[in-house]
Amino acid sequence: MDAIYRPEVIEPEAQQHWEEKQAFKAVEDTSKPKYYCLSMFPYPSGKLHMGHVRNYTIGDVLARYHRMKGYNVLQPMGWDAFGLPAENAAIANDVAPAGWTYSNIDYMRKQLKSLGLAIDWSRELATCKPDYYRWEQWLFTKLFEKGVIYKKMATVNWDPVDHTVLANEQVIDGRGWRSGALVEKRDIPMYFFRITDYAEELLSELDNLPGWPERVKTMQRNWIGKSFGVEIHFPLAERHEVGGEVLKVFTTRADTLFGVTYVAVAAEHPLAQQAAGHDPALAEFIAECKQGSVAEADMATMEKKGMDTGLKVYHPFTNEPIPVFVANYVLMGYGEGAVMAVPAHDERDFAFAQKYALPIKAVIKPTDGELELPLPAAYTEHGVLFDSGDFSGRTSEDAIEKIALVLKNLGLGERRTTFRLRDWGISRQRYWGCPIPIIHCPSCGDVPVPEDQLPVVLPEDVKIDVGSPLKKMPEWSNCACPKCGGKAERETDTMDTFVESSWYYARYACPDLDKGMLDERANYWLPVDQYIGGIEHAILHLLYARFFHKLMRDVGLVNSNEPFANLLTQGMVVAETYYREQPDGKKLWLNPADVETVDGVHLLKADGKPVIAGGTEKMSKSKNNGVDPQALIDKYGADTARLFMMFAAPPEQSLEWSDAGVEGAHRFLKRLWKMVYDHIEQGAANAYSGGELSDALKDFRRQLHQTIQKVTDDIERRKQFNTAIAANMELMNAMAKLEGEDSLTRSLRQEALEAIVLMLAPIVPHICRVLIKALRPGACLVGAAWPTVDESALVQDEIELVLQVNGKLRGKLKVAAAAAKEAIEAAALASPEVQKHMEGKPAKKVVVVPGRLVNIVV
RNA sequence: GCGAAAGUGGCGGAAUUGGUAGACGCACUGGAUUUAGGUUCCAGCGCCUUGCGGCGUGGGGGUUCGAGUCCCCCCUUUCGCACCA
């Protein structure tokens, strides 16, 4: 064994060894429990960022730990290779998206390999390859035939100058990012997955996912948004007749029905369109509503505007006329595209009514009090009805039931359950994506591409400018109708990249299968036992993948209900930002790697002049605060990078980048190396296997086995690696204080060092591979077992209790582990520290918490 | 705007079930080693106080023998909002 720790030598050696031995190749084996460990696959953006390093290290620690525990482990890797950035890069650098993507994959694969991940690379896949997406297209055609996929109009962001559809991300302050033109809403036909058909199951199955973080489940529940309410019909004619025209609205607060003072409809609502026909001002307002992006955050924060249509609807009970407004905050895509407004009991309606001087009519008051009138703000709680005809005096809950019942009898409404969740539109007017396998035939309509004509291959040799090249390639889009053989055209839209990422986890089980999408191997490996990825995916990706799993189940491809048994949502990697004000007032962002801090002053290394700290933020290009993991790996090695990432914060929290912290991690590895080296230099030793121990050695051995117990629990149950590392550091500190070179002491040192090296092996595998070989000649890290706890070493005869007087710490007390409560109480009262702070007063109460403390109340 | 989290020393964080707040590490200070720098090792390190002791987990209130942890209100920050991935 070398005296000096040289990561630059041992890491490539270890990686080469693992690759040659195919050490992490996963083979289906029913004799062992399986463990499928999956980290979210990366988008091949160019090079790895710190978030990737963190994500894949967490996964690797869990994969390697379970391997040591005897599981048959699968840890695969692949590429989420379709997407918008490739098209942007293509325009910027005049290269084809495919070439750009493949070269990024090659570079990033090399980077991933330098991290020493225990990955089965033989299962690697890329979603942009036809052998992957052909099965997505195949499933699409099956689902289209089943009716799970359908076509309808949907609203998109339209750039009127570039004549392209914009992603929400490409709309900045209501303008197209390239053209700067004001964005408009435009309706175009799109394909949709009927995810709402699965809303109920997606909601209820969350209860069967104990391995998911509560907060993710809560977010998904709220996103699905099941609500119980009432559909209410407002007649358009004063004397309503059964079957007459009505305006339908949905509300969860039918109890406030008598407080309705107006109704509001979306700009696209037929009533609004009808009214605009003979009102130019209204037509202009409706046109204005068409401006701006379709993003909900924008819609919800914009100024609420409306205009009276002059039309009236009639209250279903009182028959009073109610004005119909067009409002920019009512969305056609939601429910009926119309809402009833109750200013007295809804904050948004209250603000709107004040702005347009509409009446505010209170009809709900608190159960145990009166309302302050006139209302200073909307009263949104449930309560008791008043001024509500026959329903006055009823509670909100009761009134909702009764009102629904009466409405039903009148034929003007009924109870309804709705979901906030909308169907998933997957059409994208982009090039770099999976082609939608539909052929448009003038006589047969939308015809799915027959199985024997799949895949519909995306041409890779293209020139990109504004808009998708597919729309300008008749040689690609012109084809024969599979049904009638007549002239037809291919769909030129591609699929949302979320579709590819919704089933890749299953394809890893059988990436080589060319006769189908999945085979029985998928049922061997699924569900994924541990899924790891960023918290930003808590809703969309995870919901779509859950949905897709159920779709695959319902066509017989998999036999489980949920794709991911356990989920770990990793926090972001953040770093300090630094900037300088430019003469034009703009900020010039400077990379933290180029800034040094001396006595609390931040200086640019290049010129030694100060820069301004802009706060800690997520590593990003825009703030130039990304730290390249490659520089870190080149300087210190992968083990230091891995250790720092795992030690600096628990995985679910955000992780703050720190140069000094990296130094500390590296120092620790050098210390570990030296400890093993110094021990081995003293000659071979066998791990402790019995014999009488002094109190000091007994204490040390107890600490060793307590540490094994804690680290096992930290990794397996708590998934908190920072405390697992800290416990090993504490054990090493204790060992450094252990003196003596007698064989008993040395045998304990041997036992402890072996355990420490094995416990750290999942985190820092390269160094531990060398150290375990040094400690146990002939040993091999791959296949080494996780250390076990010797229960007999944990036994303790005497324990220390904390003494409190009135809840304040006043002293400590050593008692026999088996001491009776009464004896502890007596000993505590007799202790001089306690006596002093009781000041002669009698004890009112004595609380004894076994094994913990005694609290004396005076 | 809506939904979900987070807030503890100079810094990252620990405290797992309501029971010793600050483990472990970084930074800093002092000492040893070294020609020096670096490295390594040892010791100290929440705030106030000479001391006894007091105060202290974003702010305010509450429950409890006992609250970082539970409850109510407020503030700040972060993530998501359906075409970024």
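Convention: sequence-line order gives letters A, B, ...; per-chain numbering from 1.
Look at the C1' atom in both B:rG9 and B:rU17: the space between them is 27 Å, to the nearest Å. As rounded to the nearest Å, B:rC24 and B:rG18 have P atoms that lie 25 Å from one another. Nucleotides B:rG54 and B:rA6 have their C1' atoms positioned 31 Å apart, rounded to a whole Å. The gap from the C1' atom of B:rG7 to that of B:rU69 amounts to 14 Å, rounded to the nearest Å. Rounded to the nearest Å, the gap between the C1' atom of B:rU20 and that of B:rA15 is 10 Å. Rounded to the nearest Å, the gap between the P atom of B:rA82 and that of B:rG46 is 49 Å. Comparing the P positions of B:rA21 and B:rC26 gives an interatomic distance of 26 Å, to the nearest angstrom.
With a cut-off of 3.5 Å on both pairing distances, the Watson-Crick or G-U wobble partner of B:rG7 is B:rC75.
Residue-level contact check: A:Met190 touches the bases, meaning some heavy atom is under 4.0 Å from a base atom. Heavy atoms of A:Leu803 sit nowhere under 4.0 angstrom from any nucleic acid atom.
Between the CD atom of A:Glu296 and the C1' atom of B:rC83 there is a distance of 14 Å, rounded to whole Å. Rounded to whole Å, the distance from CD on A:Glu730 to C1' on B:rG22 is 13 Å. When rounded to the nearest whole Å, the span between CD1 of A:Ile172 and P of B:rC84 equals 12 Å. Whole-Å rounding puts the A:Phe192 CZ to B:rA82 P distance at 13 Å. Look at CZ on A:Arg546: it is 20 Å from P on B:rA82, rounded to the nearest Å. One interatomic measurement links the two molecules: CD1 of A:Ile539 to P of B:rC2, which rounds to 16 Å at whole-angstrom precision. Remark: C1' of B:rC84 and CG of A:Asp496 are 11 Å apart, rounded to the nearest angstrom. Between A:Asn328 atom CG and B:rG1 atom P the separation is 16 Å, expressed in whole Å.
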Exercise. Between protein and nucleotides 4-21 of chain B, map the contacts as a letter string: B base, S sugar-phosphate only, - none, heavy atoms under 4.0 Å, written 5' to 3'.
Key: SS------SSSSB--BB-

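Around atom CD of A:Glu347, no more than 12 heavy atoms belonging to other residues, nucleotides or ligands sit under 6.0 Å away.
A salt bridge is absent between A:Lys836 and A:Glu833: the closest approach of a Lys/Arg side-chain nitrogen to an acidic carboxylate oxygen does not fall below 4.0 angstrom.
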